[in-house]
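As structure tokens, the structure follows; a few thoughts come after it.
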Amino acid sequence: MERSEALADPVPPEGTPVLGAPRFRSPGARTAPELVVAFHCDAPLAGSSRHCLSGVDSVVLARGDERRATRRSGERDLLLELPDRWVSSVHARLLRRELGWSVADAGSRNGTLVNGVPCSEAALHDGDVVEVGRTLLCYRASAARGASDDEDTRRLDGMPSGLSTIAPAMSAALASLPAVARTPLPAIVVGESGTGKELIARAIHALSGRRGPFQAVNCAAIAQTLLESELFGSRKGAFSGATEDRPGLIRAADGGTLFLDEIGDLPIPAQAALLRVLQESEVLPVGATRPVRVDVRIVAAAQCDLRALVSNGRFRADLLARLDAFTVELPPLRERREDLGLLVGALLRRLAPDRCDGVRLEPGAARALLRHAWPLNVRELELCLATALALCGDGPIDIPHLPAAIRGGQALATQPSGGGLREELTALLHQHRGNVAEVARLLGKGRMQIHRWARRYEIDLASFRR
């Protein structure tokens, strides 16, 4: 069923794929339908772009020498050119209808697919993946408006690592960060595991202009019996095994930035000593009688709400008051899917610097990346790509090269029964030319289960082999 653009997406029933789930939007936020160029399968380093469809009645998807969006003056249409040799000169059109948007193939050589299924025309619903040539685009029925109607990751060159984004949720979180970074104010970075809290801390340091080092400390990884000496230093003879003076991690960051990850795990005594650092700009090493001056900017990170820890007595209220000059709340990856292409490109450059220019993705693998929930966020995406690079050899990254939780079969397993299951099964049969054994292997099912599904949904398996 088509949806009105004026209505917010309802909360989907349990089991609905995350790709189609609505993103959190604060009350009163401006929203509009959008089209995201998510992946260029033959050029994954090319990044992505997002295009607002407000005020537009049609979108033409065409082949061009570079990715380019053109809004014709005085007309309500958008020309989106894609550098993909498998895309026809005019490949497909998105058309505004009374209750939403639809996509129609324009007589292309290679056809147009929606969620992996070939179609001549189809109504679009939130989260649908449109495939033209070897380029995947994602349609959002109601997304937060960005800074401009057309945003492209290619315009983000030169930004510190961690600050590049075209996702409104991430842009809003980072809007004030450059100005705050140039001050000595402490900051707190809050976000789920794997969202890139240390990257943001490093970006704050890079923007601050501080000449000292960046020192990262995982508060949860240091034994509590050693924590104070590790952080604040110790004098020779202060305790058994202290055979020399040690400056400690805070003094190691003198003149720079100290990143305290998982600060909520600091024991109360260490919190009291850290408060002294913030209030007096000095540390008292274990076993010392005189404090030592230190110039350090503190950035703390937490997965949980520190105010909740204050309420149950696990975190000092006065320390939180000193730290909480500025807070960055990072959205999870599932709320910034516009950045998937950007992140994949950046991670491929990091993981395979010598061969990243030659890495390719099969459309099925790119579709699986778009569909996955990413519960462990960017860290999980990095591990996924590292695994795929190890398995694909010199060939393109395909579904079998992805971790089991991310393969198309896992996405299918979470689908509700009915049309969604049929569409995914049809997509895999189309991709593998009706090879039932291969589809069964990818889904972790027996061949007879594929035949049973085919009979249930009246799918002609022979038609995919022709």
Side-chain angles (χ1 to χ4, degrees), residues 18-19 35-51 66-67 82-84 116 127 129-138 140 151-157 159-167 169-171 194-196 199 330-403 405-408 410-411:
V18 174
L19 181 61
L35 188 65
V36 177
V37 181
F39 286 111
H40 296 279
C41 292
D42 287 342
L45 303 188
S48 53
S49 60
R50 65 188 301 267
H51 308 277
E66 64 176 347
R67 188 171 64 230
L82 305 168
D84 183 339
V129 176
V130 177
E131 197 172 314
V132 293
R134 290 176 64 82
T135 301
L136 272 66
L137 305 96
C138 181
R140 303 297 309 195
E151 298 182 69
D152 197 302
T153 59
R154 293 173 301 169
R155 301 170 189 163
L156 303 176
D157 291 343
M159 294 287 286
S161 180
L163 298 190
S164 296
T165 181
I166 59 171
M170 190 68 167
S171 296
T195 50
L199 274 178
L330 297 182
L333 182 52
R334 61 184 173 273
E335 292 181 10
R336 50 177 299 212
R337 290 179 182 274
E338 298 92 338
D339 284 339
L340 264 176
L342 168 70
L343 292 168
V344 166
L347 290 171
L348 288 177
R349 289 185 180 93
R350 182 194 305 170
L351 295 167
D354 297 332
R355 64 183 181 108
C356 59
D357 288 335
V359 173
R360 303 288 183 266
L361 291 170
E362 287 296 340
R367 211 179 300 128
L369 296 183
L370 280 170
R371 292 181 56 82
H372 187 57
W374 301 113
L376 300 180
N377 297 293
V378 181
R379 186 176 295 131
E380 182 183 13
L381 176 61
E382 180 174 10
L383 182 59
C384 165
L385 294 175
T387 301
L389 288 169
L391 295 177
C392 73
D394 295 329
I397 295 174
D398 205 350
I399 290 177
H401 305 136
L402 303 178
I406 301 171
R407 294 174 194 157
Q410 294 296 322

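All of these numbers come straight from a predicted model, not from anything done at the bench.
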Side chains of Met170 and Leu330: does their closest heavy-atom pair fall under 4.5 Å?
-> yes
Would a distance-only check, ignoring hydrogens and angles, find a side-chain to backbone donor-acceptor pair under 3.5 Å from Asp84 to Gly133?
-> no
CG of Leu383 to CG of Leu376, rounded to nearest 0.5 Å, is 9.0 Å
Looking only at atom types and distance, does a side-chain atom of Arg367 sit under 3.5 Å from a main-chain N or O of Leu136, one as donor and one as acceptor?
-> no
Stepwise, does the side chain to side chain contact (heavy atoms under 4.5 Å, CB included) test hold for Ile399 with Glu362?
-> CA-CA 8 Å; Ile399 290 177; Glu362 287 296 340; over 6 Å; no
Which atoms form the tightest heavy-atom contact between Asn377 and Gly194, and what is the distance?
-> CB-O, 3.3 Å
Taking only residues two or more places apart in sequence, or in another chain, which ones meet Asp398 in a side chain to side chain donor-acceptor pair (under 3.5 Å)?
-> none
Would you check, one step at a time, whether the test side chain to side chain contact (heavy atoms under 4.5 Å, CB included) holds for Asp152 with Val37?
-> CA-CA 9 Å; Asp152 197 302; Val37 181; over 6 Å; no
N/O donor-acceptor pair under 3.5 Å between Arg154 side chain and Arg67 backbone | yes
Tell me, do Leu369 and Cys384 make a side-chain contact under 4.5 Å, heavy atoms counted?
-> yes
Taking all atoms of both residues into account, what is the closest heavy-atom pair of Pro83 and His40, and its distance?
-> CD-CE1, 3.8 Å
For the residue pair Leu389 and Val359, establish whether any side-chain heavy-atom pair is separated by less than 4.5 Å.
-> yes
Give, for atom OG1 of Thr195 and atom CZ of Arg379, the distance between the pair rounded to the nearest 0.5 Å.
-> 8.0 Å
Taking all heavy atoms of Ser48 and all of Ile166, pick out the closest pair and write down the distance.
-> OG-CD1, 3.8 Å
Considering only heavy atoms from C-beta outward, does the side chain of Ser164 approach that of Thr153 to under 4.5 Å?
-> no
Do Leu348 and Pro44 have side chains that get closer than 4.5 Å, going by heavy atoms?
-> yes
Give a yes or no answer on whether the side chain of Arg360 reaches the backbone of Asp42 with a donor-acceptor pair at less than 3.5 Å.
-> yes
To the nearest 0.5 Å, what is the distance between CG (Leu342) and CG (Leu45)?
-> 11.0 Å
Could you tell me whether the side chain of Arg336 and the main chain of Thr165 form a donor-acceptor pair under 3.5 Å?
-> no
CD/Glu380 to CD1/Ile406 distance, rounded to the nearest 0.5 angstrom?
-> 5.0 Å
Gap separating the SG atom of Cys392 from the CD1 atom of Ile397, nearest 0.5 angstrom | 5.0 Å
Would you indicate whether the side-chain heavy atoms of Cys138 and Arg337 approach each other to under 4.5 Å?
-> no
How far does NE2 of His401 sit from CZ of Arg407, to the nearest 0.5 angstrom?
-> 10.0 Å
Quick one: are Arg134 and Leu361 in side-chain contact, heavy atoms under 4.5 Å?
-> no
So do the side chains of Leu343 and Leu333 get within less than 4.5 Å of each other, counting heavy atoms only?
-> yes
Intermediate values then yes/no, side chain to side chain contact (heavy atoms under 4.5 Å, CB included), His372 and Leu381 | CA-CA 10 Å; His372 187 57; Leu381 176 61; over 6 Å; no
For Cys41 against Ala366, the heavy-atom pair lying closest together | SG-CB, 3.9 Å
